[in-house]
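All of these numbers come straight from a predicted model, not from anything done at the bench.
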Amino acid sequence: MKILIINGPNLNLLGTREPHIYGNRNMDTYMEELRNACPQVELEYFQSNIEGVLIDKMQEVGFSYDGIVLNAGAYTHTSVALLDCIRSLRTPVVEVHISNVHAREEFRNHSMISAGCVGVIAGFGLDSYRLAVEALVRSGQKK
């Protein structure tokens with residue numbers, strides 16, 4: 001299986017950005033842990049602060065990979081363009097959030113992209129990514 005993990009804006013600052021919300025680990029360290037935990041899966045990682053670049057990357061892999069794990073960051077709450085992209089892909093997309101977005105500011109309670117995703121995982125810290133990968137692996141094995 002081949003799965004791409006995509007992070008949106010400001011998630012390049014994991015480990016330093018608001019550690020009381022996002023924790024102290026950076027994504028490079030976590031990706032190493034995740035690859036060790038899921039050796040049967042080829043995991044790739046991509047991050048951009050630019051909405052159009054995220055769309056370009058999803059279109060690049062969205063017809064050949066087995067899954068996409070997407071933390072769209074703040075674009076989650078604003079981007080119809082990301083929703084349209086997700087709906088156009090053959091590859092299933094799981095929406096993830098490190099924090100429980102429903103326990104935060106009211107504007108974070110609504111996702112523009114959930115309707116296009118096969119599932120949503122939020123609030124489990126960086127383990128949200130592992131849970132999403134495991135869900136994609138399990139659903140891929142059922143086919």
Side-chain angles (χ1 to χ4, degrees), residues 1-19 21-104 107-143:
M1 268 196 112
K2 196 169 189 176
I3 296 174
L4 176 64
I5 295 174
I6 299 177
N7 273 345
N10 300 308
L11 292 167
N12 56 310
L13 300 176
L14 287 175
T16 58
R17 174 188 178 204
E18 300 177 280
I21 296 173
Y22 300 103
N24 295 311
R25 294 187 296 173
N26 66 42
M27 201 63 185
D28 289 336
T29 302
Y30 183 70
M31 284 303 299
E32 187 175 323
E33 294 172 24
L34 188 57
R35 286 183 180 108
N36 288 333
C38 303
Q40 76 283 18
V41 181
E42 184 179 338
L43 293 170
E44 293 183 15
Y45 175 68
F46 180 79
Q47 188 277 331
S48 178
N49 293 319
I50 302 169
E51 183 180 30
V53 173
L54 296 172
I55 291 168
D56 288 343
K57 189 64 173 182
M58 286 194 297
Q59 289 178 355
E60 177 187 318
V61 304
F63 298 92
S64 58
Y65 281 43
D66 299 297
I68 296 172
V69 175
L70 174 62
N71 184 341
Y75 290 137
T76 299
H77 318 292
T78 63
S79 183
V80 173
L82 283 174
L83 172 62
D84 288 348
C85 176
I86 292 164
R87 285 181 167 164
S88 72
L89 306 176
R90 280 191 224 124
T91 299
V93 178
V94 176
E95 176 184 345
V96 299
H97 300 283
I98 296 167
S99 68
N100 179 355
V101 291
H102 301 287
R104 295 182 62 195
F107 73 88
R108 295 187 196 274
N109 292 183
H110 180 72
S111 170
M112 295 295 290
I113 65 172
S114 293
C117 295
V118 296
V120 179
I121 299 172
F124 294 98
L126 292 178
D127 269 345
S128 295
Y129 296 95
R130 179 186 53 78
L131 294 168
V133 168
E134 289 174 356
L136 287 166
V137 168
R138 284 190 183 107
S139 67
Q141 291 173 345
K142 292 178 187 176
K143 293 179 181 179

Task: Distance in Å, Leu11 CG paired with Ser48 OG, rounded so as to fall on 0.5 Å steps - done: 11.0 Å
TODO: Could you list the residues that satisfy side chain to side chain donor-acceptor pair (under 3.5 Å) with Glu60, not counting sequence neighbours?
DONE: Lys57
Task: Within-4.5 Å side-chain heavy-atom neighbours: Thr29 and Glu32 - done: no
- [ ] Indicate the ring-plane relationship of His77 and His97, choosing parallel, tilted or perpendicular according to the 30° and 60° boundaries.
- [x] parallel
Open item on the list: With heavy-atom distances below 4.5 Å as the criterion, would you say the side chains of Ile68 and Leu89 are in contact?
Closed with: yes
- [ ] Of all the heavy-atom pairs spanning Lys2 and Glu44, show the shortest one and how long it is.
- [x] CE-OE2, 3.1 Å
TODO: For Asp66, enumerate each residue passing the salt bridge (Lys or Arg N to Asp or Glu O under 4.0 Å) test, keeping only those at least two apart in sequence or located in another chain.
DONE: none
TODO: Could you tell me whether the side chain of Ile98 reaches within less than 4.5 Å of the side chain of Asn71, counting heavy atoms only?
DONE: yes
Task: Nearest non-hydrogen partners of Ala72 and Pro9, listed with the distance - done: O-CD, 3.4 Å
Task: For Asn26 against Asp28, the heavy-atom pair lying closest together - done: OD1-N, 3.1 Å
Open item on the list: Is there a side-chain contact between Leu34 and Met31 in this structure, where contact means two heavy atoms from C-beta onward sitting under 4.5 Å apart?
Closed with: yes
TODO: Check whether the side chains of Tyr45 and Asn7 place a donor and an acceptor atom closer than 3.5 Å, and report yes or no.
DONE: yes
Open item on the list: Is the shortest side-chain heavy-atom distance between Glu51 and Thr78 below 4.5 Å?
Closed with: no
Task: From CE (Met58) to OH (Tyr65), nearest 0.5 Å - done: 14.0 Å
Task: Close side-chain approach of Phe46 to Leu54, heavy-atom, < 4.5 Å - done: yes
- [ ] Indicate yes or no for a side-chain donor-acceptor contact from Tyr30 to the backbone of Leu126 under 3.5 Å, with no hydrogens or angles considered.
- [x] yes
Task: Spacing of CD1 belonging to Ile55 relative to CD1 belonging to Ile86, to within rounding of 0.5 Å - done: 9.0 Å
TODO: Please round to the nearest 0.5 Å and tell me the distance separating atom OG1 of Thr91 and atom CD1 of Ile3.
DONE: 10.5 Å
Open item on the list: Taking Thr76's backbone N and O only, do any of them form a donor-acceptor pair with Ser79's side chain (distance below 3.5 Å, no angle check)?
Closed with: no
TODO: Report yes if the side chains of Ile121 and Tyr129 come closer than 4.5 Å at any heavy-atom pair, otherwise no.
DONE: no
TODO: Taking Gln47 for its side chain and Gly8 for its backbone only, find out whether a donor-acceptor pair lies under 3.5 Å.
DONE: yes
Task: Check: Leu82 and Met112 side chains under 4.5 Å, non-hydrogen atoms - done: no
- [ ] Answer yes or no: is there a donor N or O on one side and an acceptor on the other, between the side chain of Ser128 and the main chain of Val96, under 3.5 Å?
- [x] no
- [ ] Could you grab the distance from atom CZ of Arg130 to atom CD1 of Ile5, nearest 0.5 Å is fine?
- [x] 11.5 Å
Task: Interatomic distance, Cys117 atom SG to Arg87 atom CZ [nearest 0.5 angstrom] - done: 10.0 Å
